[in-house]
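The structure appears right after this line, and notes come after that.
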Amino acid sequence: MKWVYWSRLYDSKFQAGCLVQRMEHDSWVFGVDVPQEIEVFRSRKGKYGVRYLP
């Protein structure tokens, strides 16, 4: 499988971590399948993003 990248980069790791928590929470509340793995990564320019394995 290949990583799916979220379309936005964030200035802080905290903001990206909040998105990860929201993705996990929304899948629990709405009954959507949880991705196998979700992680925060750092781009070459120093911003943070979210990627996941479907």
Side-chain angles (χ1 to χ4, degrees):
M1 290 195 175
K2 295 187 178 186
W3 288 103
V4 176
Y5 291 84
W6 195 258
S7 62
R8 183 170 179 196
L9 293 175
Y10 298 94
D11 293 327
S12 70
K13 191 173 183 178
F14 174 76
Q15 290 173 316
C18 287
L19 176 63
V20 169
Q21 292 297 319
R22 182 176 174 200
M23 290 173 72
E24 291 173 349
H25 183 263
D26 283 353
S27 61
W28 178 75
V29 170
F30 298 116
V32 181
D33 291 336
V34 178
Q36 291 179 4
E37 187 174 344
I38 306 172
E39 71 176 26
V40 174
F41 71 95
R42 189 167 188 182
S43 71
R44 289 183 222 156
K45 294 186 177 185
K47 294 201 173 206
Y48 295 91
V50 176
R51 64 183 182 182
Y52 61 92
L53 289 172

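The structure presented is a predicted model; accordingly, all values stated were derived computationally and were not measured.
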Looking only at heavy atoms, the pair that brings Pro54 and Lys2 closest together is CD-O, 3.8 Å

Grouping ILVMFWY residues whenever side-chain heavy atoms fall under 4.5 Å, the cluster of Ile38 otherwise contains Val4, Trp6, Tyr10, Leu19, Val20, Met23, Val40, Tyr48, Val50, Tyr52

Flag the pair Gln15 / Ser12 as yes when at least one side-chain heavy-atom distance between them is below 4.5 Å, and no otherwise.
-> yes

What heavy-atom pair brings Ala16 and Gly49 nearest, and what distance separates the two atoms?
-> CB-O, 4.3 Å

Can you name the residues that form a side chain to side chain contact (heavy atoms under 4.5 Å, CB included) with Ser7, not counting sequence neighbours?
-> none

Sequence neighbours left out, what passes side chain to side chain contact (heavy atoms under 4.5 Å, CB included) with Arg22? Give chain and number order.
-> Asp26

Could you tell me which residues satisfy salt bridge (Lys or Arg N to Asp or Glu O under 4.0 Å) with Lys13, sequence neighbours excluded, listed by chain and number?
-> none

Contacts of Gln21 meeting side chain to side chain contact (heavy atoms under 4.5 Å, CB included) (sequence neighbours excluded), chain-then-number -> Glu24

State, with a plain yes or no, whether a side-chain heavy atom of Leu9 is found less than 4.5 Å away from one of Ser43.
-> yes

Non-neighbouring partners of Tyr5 that pass side-chain hydrogen bond (donor to acceptor under 3.5 Å, both in side chains), sequence neighbours left out = Arg51

